[in-house]
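Before any comments, here is the structure.
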Amino acid sequence: MPSLSPTPTAVPSVGSDGYAWIAGLAQASDPNDLDEDYSRLEPKLGGVLQVSPGTCFTGAPPPYDGPEYLLLVIAGSKSELDRLVSGAKLEVLFEARVGQMCID
């Protein structure tokens, strides 16, 4: 199994079909509550790590589809998401194929 490089390269946040794959790692009503986990994981994951409200995605499962913030890994394909999650040894709340409604 390939390991993550110390400086990860960016992966497309949206696949060729217009959808992305996300793995939810944590949820909080205040995005600042996710800072510690983000800071710990960012060196391993770089640009594929994101904090967004659940409402930014169509297809996120309840209760993760609401206004609370999610710390998540985003990838353009399921295989890339699986590689990132397993390479970083992450505990995942959920995985889903989603459409993105919010733009950074």
Side-chain angles (χ1 to χ4, degrees):
M1 177 180 309
S3 62
L4 293 176
S5 62
T7 307
T9 57
V11 297
S13 60
V14 178
S16 59
D17 62 359
Y19 286 84
W21 279 89
I22 60 173
L25 308 178
Q27 183 181 37
S29 57
D30 182 340
N32 295 314
D33 292 343
L34 300 172
D35 284 350
E36 185 177 324
D37 288 334
Y38 183 94
S39 295
R40 179 176 51 83
L41 294 171
E42 195 274 334
K44 291 181 184 178
L45 295 167
V48 302
L49 192 63
Q50 182 173 316
V51 174
S52 295
T55 53
C56 282
F57 304 98
T58 59
Y64 306 109
D65 60 347
E68 290 205 352
Y69 288 86
L70 300 172
L71 175 64
L72 52 91
V73 174
I74 187 163
S77 69
K78 175 75 165 100
S79 60
E80 182 66 11
L81 183 69
D82 290 344
R83 185 187 72 78
L84 291 164
V85 167
S86 66
K89 298 178 176 72
L90 301 174
E91 290 186 33
V92 175
L93 298 173
F94 72 93
E95 290 184 357
R97 181 176 173 264
V98 297
Q100 288 185 277
M101 308 231 349
C102 302
I103 299 173
D104 290 340

Atom of Pro67, atom of Thr55 and distance for their closest heavy-atom approach
N-CG2, 3.8 Å
If we only count heavy atoms from C-beta on, is the Leu70 to Leu93 side-chain gap below 4.5 Å?
no
Have a look at Val73 and tell me which of Val92, Leu41, Leu84 forms a side-chain contact (heavy atoms from CB on, under 4.5 Å) with it.
Leu84
Smallest separation among heavy atoms of Trp21 and Ser77, with atom names:
CD1-C, 3.4 Å
Just so I know, are the side chains of Thr58 and Met101 near enough to count as touching, which here means a heavy-atom distance under 4.5 Å?
yes
Less than 4.5 Å apart, any side-chain heavy atom of Leu25 and any of Asp37?
no
So do the side chains of Leu49 and Lys44 get within less than 4.5 Å of each other, counting heavy atoms only?
no
So how far is it from Cys102 SG to Gln50 CD, rounded to the nearest 0.5 Å?
9.0 Å
Side chain to side chain donor-acceptor pair (under 3.5 Å) involving Gln27 - partner list, sequence neighbours excluded
none
In a check of side-chain contact (heavy atoms from CB on, under 4.5 Å) between Val98 and each of Leu72, Ile74, Asp65, Ile22, which one passes?
Ile22
Of all the heavy-atom pairs spanning Pro61 and Phe94, show the shortest one and how long it is.
CD-CD1, 3.5 Å
Taking every heavy atom of Phe57 against every heavy atom of Ser52, the minimum-distance pair comes out as CE1-CB, 3.9 Å
Separation between CG of Leu34 and CD of Glu68, rounded to the nearest 0.5 Å:
9.5 Å
